[in-house]
Amino acid sequence: MTTTFQPIEQSLRARGCTAICGVDEAGRGPLAGDVFAAAVILPTTYDLPGLADSKKLTHKRRELLFELIQQQAVAWAIASADVEEIDRLNILQASLLAMQRAVTALALPADYALIDGNKVPAALDIPAECIVKGDSLCASIAAASVLAKVARDRHMAALDACYPGYGLAQHKGYPTQAHYVALAQLGATEVHRKSFRLTTTR
């Protein structure tokens with residue numbers, strides 16, 4: 001897959017920004033598990049073959065890019081908001097919290113943030129802008145989407161070992177029919193989001 005990204009980071013560098021981070025989240029829709037976010041500052045040149053929106057990549061390609069991004073990025077960070085925070089704050093605010101945590105955790109402080117979607121975390125203390133479908137338009141956001149997706153998938157595989165029978169490693173907590181069947185048979189666990197609808201209507 002070849003993706004042609006818009007020169008968003010280049011334009012910002014021309015305006016004087018030197019540490020531009022792309023930010024994306026993974027896991028807003030599932031019924032279980034934490035929501036993850038990542039922030040990535042890419043160098044001016046990099047070699048990330050096939051980089052694209054993580055949802056459009058195969059598992060194998062995401063895993064490869066996960067390692068390459070960490071090796072080549074100027075700085076990167078992964079953060080999350082847990083199920084208790086999701087239920088207390090709502091999933092949107094928990095996602096924004098995870099994004100803010102990822103930006104704050106960067107080893108090199110960013111001076112500008114490109115956020116996938118249409119909301120900027122309110123607590124960010126650097127200039128930022130939203131880019132709808134940014135993971136398809138902006139290289140640093142695409143890189144962040146890969147880190148967040150792979151980290152969350154690994155989180156769900158770990159939860160699967162702790163909570164067998166739900167298929168968490170397979171559907172990653174998303175509302176599949178198999179997941180609803182397991183919930184009907186086994187009930188919800190502490191890693192299920194109580195604020196989400198955990199049953200289906202027939």
Side-chain angles (χ1 to χ4, degrees), residues 3 5-28 33-55 57 61-86 89 92-117 119-131 134-158:
T3 299
F5 294 111
Q6 295 183 5
I8 300 169
E9 294 95 338
Q10 295 94 313
S11 298
L12 289 168
R13 290 189 188 103
R15 288 161 46 188
C17 297
T18 59
I20 305 151
C21 70
V23 187
D24 200 4
E25 54 75 29
R28 282 182 61 170
D34 299 354
V35 60
F36 276 67
V40 177
I41 301 174
L42 288 177
T44 54
T45 60
Y46 51 84
D47 183 19
L48 299 172
L51 179 64
D53 172 5
S54 63
K55 296 183 292 296
L57 301 174
R61 176 62 61 178
R62 284 196 300 268
E63 289 285 341
L64 173 62
L65 285 168
F66 185 84
E67 303 301 329
L68 292 176
I69 291 164
Q70 292 182 334
Q71 292 167 13
Q72 297 180 36
V74 174
W76 61 270
I78 299 169
S80 64
D82 64 26
V83 170
E84 185 278 329
E85 290 171 317
I86 292 169
L89 300 173
L92 172 59
Q93 294 305 317
S95 299
L96 295 173
L97 176 60
M99 288 181 172
Q100 182 267 323
R101 286 171 173 167
V103 174
T104 301
L106 287 166
L108 173 70
D111 59 9
Y112 201 93
L114 298 168
I115 312 291
D116 183 60
K119 297 283 186 182
V120 171
L124 278 186
D125 59 359
I126 59 173
E129 66 179 277
C130 298
I131 302 177
D135 43 13
S136 296
L137 301 173
C138 173
S140 59
I141 294 178
S145 79
V146 170
L147 294 195
K149 170 65 174 167
V150 172
R152 187 177 189 280
D153 284 356
R154 293 178 179 180
H155 165 69
M156 297 309 296

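Excluded from the calculations below are hydrogen atoms, water molecules and symmetry mates; all remaining heavy atoms, backbone and side chain alike, are included.
When all heavy atoms are compared, the tightest approach of Ile8 to Cys138 is CD1-CB, 3.8 Å. A pairwise comparison of heavy atoms in Ala144 and Gly22 identifies CB-O, 3.4 Å as the closest pair. The two residues Phe5 and Ser136 make their nearest non-hydrogen contact at CD2-O, 3.9 Å. Of all heavy-atom pairs between Ala77 and Ala102, the closest is CB-O, 3.3 Å. In terms of heavy-atom proximity, Gly33 sits nearest to Ile86 at O-CD1, 3.7 Å. For the pair Ala107 and Ala75, the tightest heavy-atom approach, listed with the atom from each and the gap, is N-CB, 4.4 Å.
Atom CZ of residue Arg28 and atom CG of residue Leu92 lie 5.0 Å apart, to the nearest 0.5 angstrom. Rounded to the nearest 0.5 angstrom, Leu96 CG and Leu89 CG are separated by 10.0 Å. The CG atom of Leu108 lies 10.0 Å from the SG atom of Cys21; values are rounded to the nearest 0.5 Å.
Taking the salt bridge (charged side-chain N to carboxylate O under 4.0 Å, His left out) definition, one finds that Arg61 meets it with nothing, sequence neighbours left out. The salt bridge (charged side-chain N to carboxylate O under 4.0 Å, His left out) check on Glu85 picks up Arg101, with sequence neighbours excluded. With sequence neighbours excluded, the residues forming a side-chain contact (heavy atoms from CB on, under 4.5 Å) with Cys17 are Leu12, Ile20, Asp111, Tyr112, listed by chain and number. Considering only residues two or more places apart in sequence or on other chains, Lys119 meets the salt bridge (charged side-chain N to carboxylate O under 4.0 Å, His left out) condition with none of them.
In this structure, Arg62 contributes its side chain and Ser54 its backbone to a donor-acceptor pair below 3.5 Å. Side-chain atoms of Asp53 do not come within 3.5 Å of backbone N or O of Asp135 as any donor-acceptor pair. Distance alone, capped at 3.5 Å, is enough to place a donor-acceptor pair between the Glu9 side chain and the Ser140 backbone.
The shortest distance between side-chain heavy atoms of Leu114 and Val23 does not fall below 4.5 Å. At least one side-chain heavy atom of Ile115 sits under 4.5 Å from a side-chain heavy atom of Pro121. Contact of the Ile131 side chain with the Asp116 side chain is not registered, since no non-hydrogen atoms from C-beta on lie closer than 4.5 Å.
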Audit row: Ile41, Trp76, side-chain contact (heavy atoms from CB on, under 4.5 Å) steps and yes/no
CA-CA 6 Å; Ile41 301 174; Trp76 61 270; over 6 Å; no
With side-chain contact (heavy atoms from CB on, under 4.5 Å) as the criterion, how do Leu48 and Leu42 come out once you've worked through the C-alpha distance, each side chain's angles and the decisive distance to 0.1 Å?
CA-CA 10 Å; Leu48 299 172; Leu42 288 177; 3.9 Å; yes
Let's go through Gln100 and Leu97 carefully: what are the C-alpha distance in whole Å and the side-chain angles of both, what is the deciding distance for side-chain contact (heavy atoms from CB on, under 4.5 Å) to 0.1 Å, and is it a yes or a no?
CA-CA 5 Å; Gln100 182 267 323; Leu97 176 60; 3.9 Å; yes
Would you give me the side-chain donor-acceptor pairs under 3.5 Å for residues 67-74, sequence neighbours excluded?
{"residue": "Gln72", "atom": "OE1", "partner": "Asp47", "partner atom": "N", "Å": "2.7"}
{"residue": "Gln72", "atom": "NE2", "partner": "Asp47", "partner atom": "O", "Å": "2.8"}

Pairs of donor and acceptor atoms involving the side chains of residues 147-157, under 3.5 Å and at least two apart or interchain, shall be tabulated with distances.
{"residue": "Lys149", "atom": "NZ", "partner": "Asp153", "partner atom": "OD1", "Å": "3.2"}
{"residue": "Arg152", "atom": "NE", "partner": "Asp34", "partner atom": "O", "Å": "2.8"}
{"residue": "Arg152", "atom": "NH1", "partner": "Lys172", "partner atom": "O", "Å": "2.9"}
{"residue": "Arg152", "atom": "NH2", "partner": "Ala32", "partner atom": "O", "Å": "2.6"}
{"residue": "Arg154", "atom": "NH2", "partner": "Glu63", "partner atom": "OE1", "Å": "2.6"}
{"residue": "His155", "atom": "NE2", "partner": "Asp34", "partner atom": "N", "Å": "3.2"}

